[in-house]
Number of protein chains: 2
Amino acid sequence: MSLDAGGAGQGTQRKRADSVRNEQVLLAAAAAVFVASGVDAPVREIAGKAGVGVGTIYRHFPTRADLIIAVYRHQVEACAEAGPALLADTKSPHSALGQWIDLFVEFLVTKHGLAAALQNDRDGFDALHTYFVDRLVPVCADLLQAAVAAGEIDPSISAYQLMRGVGNLCAGDGKDPGYDAGHLVKLLIRGLARPALRRG
Amino acid sequence: MSLDAGGAGQGTQRKRADSVRNEQVLLAAAAAVFVASGVDAPVREIAGKAGVGVGTIYRHFPTRADLIIAVYRHQVEACAEAGPALLADTKSPHSALGQWIDLFVEFLVTKHGLAAALQNDRDGFDALHTYFVDRLVPVCADLLQAAVAAGEIDPSISAYQLMRGVGNLCAGDGKDPGYDAGHLVKLLIRGLARPALRRG
DNA sequence: TTGCTAAACGGAACGACGTTCCGTATAGTC
DNA sequence: GACTATACGGAACGTCGTTCCGTTTAGCAA
């Protein structure tokens, strides 16, 4: 639950370089495994992917739920930072929005697993949920507004509504082989474009 | 998935008496354990409560999900049959309704666990859900109508709406120690009574 | 560079779980 | 009472999350 991001503040022990590195590797590996195999993936699989022993995972994240929470926060942060970056790197805000939503969809896999992992901690879950909403809605709003300003989409939807819609499309994804949430989301984003631009 | 309730129909093998008896004992024990310890209760605990070995459970119910499904169907049936019986045994339909809702609340524990147990079988879950609605809504409607006819409650609510409300009150119950769904349900039922009767 | 030590590491080991297996007991039949 | 298909009990198996501990190494001082 520490919000301190490892700064060398006085009094806090300086962490070893390999420890810091492994923590990042673990977060990335866990995120990848969660997307590939779902949040029920065994800890050993994550350890293997990261190239570390299971003991290392448990020193960084005392319990499985802690790991999922950490991945969740990490993903929220990565998603939030990716928004402005995507906007800066492309000439088309609508395209940036599409790429950002892709990241968001990947992130939702972790988010949906969170509820199951935090069965006994509704307060903790709610806190993470509001953190997620507060952090990401403004980012999405910026992307939307940029696309509107560029004349690529109509201002017919709020950031919150779009994110809710995408979230709902992704609910239960991965369980039914006949359901491809990712594709539906792509269609939704394409549908946002103004008619004159709606191609491919 | 057999709908055949063990009748000695031609071609079907006659089951041994102890087998039939154990199946009933197991359904009752599992239902009790699910209510007491949640649907995540270990199979061994159910076997112990029923006084049988785990092997016996697995001969009757090949997998854990099968057991939960069987308990679910059994509870739906018991709940459905209890409605008319309660109505016949009491002079106050409103009281009968209250007792019936108590059974329904116990049943919901199993129902909520069902979704988790059937993660990979959305169709199966939906089928069971419609079975549940079709079977129980009419029973609840009869109880409601009897209470209305007796002048004990106002006809201000439909059976479906009442059951949905109770179901929603019970969602997430047992996770937060500060939340007692059973008590809220009791208040709801009491609130159904016409003002002149609303005591204790 | 070398030596020291606290910190971090890897993976075997543990206990609990769902599930399977098989030797034993028994209900049903003659 | 004897025979046999059926059902039973519970030990055993493989997998999981988690713990433990002997080994390795990063960071630092000489």
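Basis for what follows: all heavy atoms, side chains included, without hydrogens, waters or symmetry-related copies. Here is the naming used below: chain letters follow the sequence lines, and residue numbers restart at 1 for every chain.
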Item to check | Protein-to-nucleotide contact annotation, 5' to 3' order, nucleotides 24-30 of chain D [B base; S sugar-phosphate only; - none; under 4.0 Å, heavy atom] | outcome: -BSS---
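The side-chain contact (heavy atoms from CB on, under 4.5 Å) with A/I101 is formed by just one residue from the set A/L188, A/L192, A/I189, A/L143; it is A/I189.
Distances shorter than 4.0 Å separate none of the side-chain N or O atoms of B/T56 from OP1 or OP2 on D/dA7. At the phosphate of C/dG18, neither OP1 nor OP2 sits under 4.0 Å from any side-chain N or O atom of B/T63. For the OP1/OP2 pair of D/dT19 and a distance below 4.0 Å, the side-chain nitrogens and oxygens of A/Y58 include no atom meeting the criterion. OP1 or OP2 of C/dC9 sits under 4.0 Å from a side-chain N or O of A/N22.
Contact detail for A/A82 and A/W100: the closest heavy-atom pair is C-CD1, 4.3 Å.
In this structure, A/I46 places its CD1 atom 15 Å from P of C/dG10, rounding to the nearest Å. A/F61 has its CZ atom 11 Å from the P atom of C/dC9, to the nearest Å. As rounded to whole Å, 13 Å separates atom P of C/dT20 from atom CZ of B/R44. Nucleotide D/dG9 holds its P atom 17 Å from the NZ atom of B/K49, rounded to whole Å. Note: CD1 (B/I57) to P (C/dC21) measures 18 Å, nearest angstrom.
Ring planes of B/F104 and B/F132: parallel class, angle under 30° (limits at 30 and 60°).
Judged purely by atom type and a 3.5 angstrom limit, A/D89 has no side-chain atom pairing as donor or acceptor with the backbone of A/L86. Remark: side-chain polar atoms of A/E152 are not paired, donor with acceptor, to backbone N or O of A/A147 under 3.5 angstrom.
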Item to check | Working for side chain to side chain donor-acceptor pair (under 3.5 Å), residues B/R164 and B/Y160 | outcome: CA-CA 6 Å; B/R164 265 305 282 267; B/Y160 182 74; 3.3 Å; yes
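A/G51 comes within contact range of the sugar-phosphate backbone alone, with a heavy-atom separation under 4.0 Å but no base atom that close.
The side chain of B/H60 approaches D/dC8 more closely than any other nucleotide in the set D/dC8, D/dT19, C/dC17. When distances run from any side-chain atom of A/R59 to the nucleotides C/dA13, C/dT19, C/dG10, the shortest one goes to C/dG10.
For the pair B/I68 and B/F61, the minimum side-chain heavy-atom distance is 4.5 Å or more.
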